[in-house]
Amino acid sequence: MKTSYMKLRGSQYLRLRLLLATLSSTPILVEDIRSDSSSPGLRPHEVSFLRLLEKISDDCTVEINDTGTKLRYRPGVLMGGKNLVHDCGLSRAIGYFMEPLIVLGLFGKRPLSIRLKGITNDSKDLSVDTFRTTTLHILKQFGVPIDGLELKIESRGAAPLGGGEVVLGVPIVPNSLTATLWIDEGMVKRIRGVTSSTRVSPQFGNRMIFSARGIFNRLLPDVHIFTDHRSGQSCGRSPGYGISLVAETTTGCLISADMAVSYPKAEEDASMKYDEKLELLPPEDLGTQVASMLLGEIEAGGVVDSSHQGLLFLLCALCPPDVSKVRVGKLTPYSIAVLRNIRDFLGVKFVIKPEAAMNTVILKCVGCGLKNNARTIS
């Protein structure tokens with residue numbers, strides 16, 4: 001039988017498209033992947049993500065042409081499984097892989113437990129700390145069982161050399177998710193956070209906390225930021241530091257912001273793995289910056305922060321054919337792309353209604369009713 005492929009072009013939103021193709025069992029053919037670029041084709045992290053999809057599914061096929069500019073992907077059955085290990089490489093952080101993984105894990109045949117190796121904290125992808133406090137919490141809104149939903153940070157690894165390891169556990173949804181009505185963000189009642197530092201002075205953590213608290217203490221009394229300084233075996237291979245902050249509201253919403261600082265890869269001198277001559281952002285400035293970012297996210301309104309909008313919309317779209325209604329702040333370009341791709345792959349359209357008075361947006365949709373079919377086969 002001939003497989004009919006959905007044809008797509010370009011490298012944009014490739015991870016999102018692969019995720020949606022897998023969930024909707026849609027074979028895709030992607031052409032012109034960076035074909036005009038000086039280094040054409042798939043990037044190392046994209047190939048690594050394809051390998052990860054092969055690990056957690058059965059009978060999925062991935063074909064890449066010699067230049068890496070053309071990809072055929074036919075999804076298989078999501079299996080999940082225990083004691084899996086995946087090296088995420090060093091071109092993107094572990095967060096890049098975990099974001100799609102937590103959704104795919106829900107629809108597997110067996111619960112997922114996987115050890116991911118690589119960079120735990122950088123400024124491009126969500127840090128493992130934000131994942132643990134905020135991202136996993138969003139799944140609970142959709143009826144995901146709390147048992148088995150966990151993230152253990154075994155060692156940290158900053159860019160560019162990584163060396164971090166985490167263990168992610170995702171339970172399966174017994175049948176399907178539950179639709180949500182989530183529009184009341186409430187008022188901020190407390191702020192929690194954690195600073196991380198590897199191969200730098202333990203004082204860096206305290207300096208970040210001091211400057212972040214300097215901003216928050218004028219606004220609310222309940223602020224606790226913990227330090228997680230790693231040394232020895234669990235500190236990875238590069239110096240780096242970061243801070244992840246979470247505001248908890250009276251209605252149980254978690255709004256987060258995070259950022260990390262490390263040395264960029266050394267381009268010119270191959271004998272050095274990273275360029276230590278560069279001046280990094282001082283810990284004080286980092287603390288102030290992330291605290292201000294968090295205040296910006298709170299001010300924007302909505303039940304999740306801007307970096308979690310895409311995940312929220314995806315979960316709404318996967319719910320049973322029932323109405324989900326959520327409130328977010330201003331839509332990010334990525335969130336808009338998520339909405340478009342959800343429409344193309346799952347056939348779910350959102351009704352988007354701006355609320356001028358609150359400066360927020362209300363989105364409603366009827367879910368596509370994705371069931372955990374992998375379980376029914378077994």
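Please read all numbers here as calculations on a predicted model, not as lab measurements.
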Run the side-chain donor-acceptor check on residues 339-347: report pairs under 3.5 Å with partners two or more places apart or on a different chain.
{"residue": "N341", "atom": "OD1", "partner": "R17", "partner atom": "NE", "Å": "3.3"}
{"residue": "N341", "atom": "ND2", "partner": "A337", "partner atom": "O", "Å": "2.9"}

What donor-acceptor contacts under 3.5 angstrom involve side-chain atoms of residues 4-16, with partners at least two apart or in another chain?
{"residue": "R9", "atom": "NE", "partner": "D32", "partner atom": "OD2", "Å": "3.0"}
{"residue": "R9", "atom": "NH2", "partner": "D32", "partner atom": "OD2", "Å": "2.4"}
{"residue": "R15", "atom": "NH1", "partner": "Y96", "partner atom": "O", "Å": "2.6"}

**OP:** Let me see the working for R110 and K82 under side chain to side chain contact (heavy atoms under 4.5 Å, CB included), right down to the final yes or no.
**Re:** CA-CA 8 Å; R110 296 186 290 275; K82 280 194 174 58; over 6 Å; no

Original post:
For V85 and I114, what are the C-alpha separation, side-chain angles and deciding distance, and is it a side chain to side chain contact (heavy atoms under 4.5 Å, CB included)?
Top reply: CA-CA 6 Å; V85 180; I114 185 165; 6.0 Å; no

**OP:** In sequence, state the C-alpha distance, the side-chain angles, and the governing distance for K55 and H86, and then conclude on side chain to side chain donor-acceptor pair (under 3.5 Å).
**Re:** CA-CA 8 Å; K55 257 174 215 172; H86 183 71; 2.9 Å; yes

Original post:
Passes side chain to side chain donor-acceptor pair (under 3.5 Å), S306 versus Y334? Steps please.
Top reply: CA-CA 9 Å; S306 57; Y334 177 70; over 6 Å; no

**OP:** Start with the C-alpha gap between E46 and R34, add the side-chain angles, then the distance that decides, and say whether salt bridge (Lys or Arg N to Asp or Glu O under 4.0 Å) holds.
**Re:** CA-CA 12 Å; E46 292 163 343; R34 301 190 183 86; 2.9 Å; yes

Original post:
Going through the checks in order, is the side chain to side chain contact (heavy atoms under 4.5 Å, CB included) test met by V30 and R72?
Top reply: CA-CA 6 Å; V30 190; R72 270 179 205 273; over 6 Å; no

**OP:** Walk me through it: do R115 and E154 pass the test salt bridge (Lys or Arg N to Asp or Glu O under 4.0 Å)?
**Re:** CA-CA 10 Å; R115 178 180 293 271; E154 302 217 330; 2.8 Å; yes

Subject >> Test salt bridge (Lys or Arg N to Asp or Glu O under 4.0 Å) applied to D222 and R192, step by step >> reply: CA-CA 8 Å; D222 193 352; R192 295 288 178 265; 3.0 Å; yes

Subject >> Pair V166-K152, side chain to side chain contact (heavy atoms under 4.5 Å, CB included): steps then yes or no >> reply: CA-CA 5 Å; V166 302; K152 291 194 194 88; over 6 Å; no

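Checking side-chain atoms of S244 against main-chain N and O of G193 turns up no donor-acceptor pair under 3.5 Å. At least one donor-acceptor pair closer than 3.5 Å links the side chain of N372 to the backbone N or O of G108. With hydrogens and angles ignored, the 3.5 Å screen pairs a side-chain donor or acceptor of R199 with a backbone N or O of G236. In this structure, the side chain of T69 does not engage the main chain of N65 through any donor-acceptor pair within 3.5 Å. Formation of a donor-acceptor pair under 3.5 Å by the S48 side chain with backbone atoms of P44 is not found in this model. With S176 contributing its side chain and G369 its backbone, the two residues share no donor-acceptor pair below 3.5 Å. Using modelled atom types, no side-chain atom of T227 and backbone atom of H229 make a donor-acceptor pair closer than 3.5 Å. Listed for the T249 side chain is no donor-acceptor partner under 3.5 Å among the backbone atoms of G186. N206 places no side-chain N or O within 3.5 Å of a backbone atom of F210 that could act as its donor or acceptor partner.
The nearest pair of heavy atoms linking S238 to A159 is CB-O, 3.4 Å. Here the closest non-hydrogen pair linking I172 and P145 is O-CG, 4.0 Å. Shortest non-hydrogen contact noted between A260 and S123 is O-CB, 3.6 Å.
I153 and I94 fall within the same hydrophobic cluster, defined by Ile, Leu, Val, Met, Phe, Trp and Tyr side-chain heavy atoms under 4.5 Å apart, directly or through other members. Residues L78 and L315 share a hydrophobic cluster, clusters being chains of Ile/Leu/Val/Met/Phe/Trp/Tyr side chains in contact below 4.5 Å. Side-chain heavy atoms closer than 4.5 Å link hydrophobic residues (I, L, V, M, F, W, Y) into clusters, and following such links, possibly through other members, connects L84 to V128. A continuous path of ILVMFWY side-chain contacts below 4.5 Å connects F97 to V47, so both sit in one hydrophobic cluster. No path of Ile, Leu, Val, Met, Phe, Trp and Tyr side chains, each step under 4.5 Å between heavy atoms, connects L149 with V246, placing them in separate hydrophobic clusters.
Of the charged side-chain nitrogens involved, at least one lies within less than 4.0 Å of a carboxylate oxygen, so that R92 and D125 count as a salt-bridged pair. Looking at D228 and R230, a side-chain N of the basic residue comes within less than 4.0 Å of a carboxylate O on the acidic one, giving a salt bridge. A salt bridge between E63 and R74 is absent, with no side-chain N of the basic residue lying under 4.0 Å from a carboxylate O of the acidic one.
Put simply, the side chain of I191 does not reach to within 4.5 Å of the side chain of E248, judged on heavy atoms. The side-chain heavy atoms of V103 and L318, taken from C-beta on, include a pair separated by under 4.5 Å. Between Y73 and P27 the shortest side-chain heavy-atom distance does not fall below 4.5 Å. Residues L53 and V62 have side chains not in contact (no heavy-atom distance under 4.5 Å, counting atoms from C-beta outward). A 4.5 Å side-chain heavy-atom check between S201 and R207 finds every atom pair outside the cut-off. Counting heavy atoms from C-beta outward, V348 and V366 have side chains that stay 4.5 Å or more apart. In this structure, the side chains of L50 and L18 come closer than 4.5 Å at one or more pairs of heavy atoms. At a threshold of 4.5 Å between non-hydrogen side-chain atoms, the residues T178 and P320 do not count as touching.
To the nearest 0.5 Å, atoms CZ (R132) and CG (L168) are separated by 12.0 Å. Residue L104 holds its CG atom at 8.5 Å from CG of L106, rounded to the nearest 0.5 Å. In this structure, CD1 in I298 is found 10.5 Å from CE in M187, a value given to the nearest 0.5 Å. Residue L139 holds its CG atom at 10.5 Å from CG of L312, rounded to the nearest 0.5 Å. Rounding to the nearest 0.5 Å places CD1 of I56 at 5.5 Å from CG of L101. The distance from atom OG1 of T180 to atom CD of Q141, rounded to the nearest 0.5 Å, is 4.5 Å.
Between the side chains of S155 and E165, not a single donor N or O lies within less than 3.5 Å of an accepting N or O. When only modelled atom types and interatomic distance are considered, S335 and Q309 share a side-chain donor-acceptor pair under 3.5 Å.
Around the NZ atom of K353, the shell of radius 6.0 Å holds no more than 12 heavy atoms that belong to other residues, nucleotides or ligands. A 6.0 Å sphere centred on NZ of K349 holds no more than 12 heavy atoms belonging to other residues, nucleotides or ligands. Heavy atoms of other residues, nucleotides or ligands lying less than 6.0 angstrom from CD1 of I146 number 12 at most.
D258 pairs in a side chain to side chain contact (heavy atoms under 4.5 Å, CB included) with only one of the listed residues (T130, D305, V194), which is T130. Partner of D129 under the side chain to side chain donor-acceptor pair (under 3.5 Å) criterion, out of T134, N121, T195: N121 alone.
Below 30°, between 30° and 60°, or above 60°: for F142 and W182 the angle between ring planes is above 60°, a perpendicular geometry.
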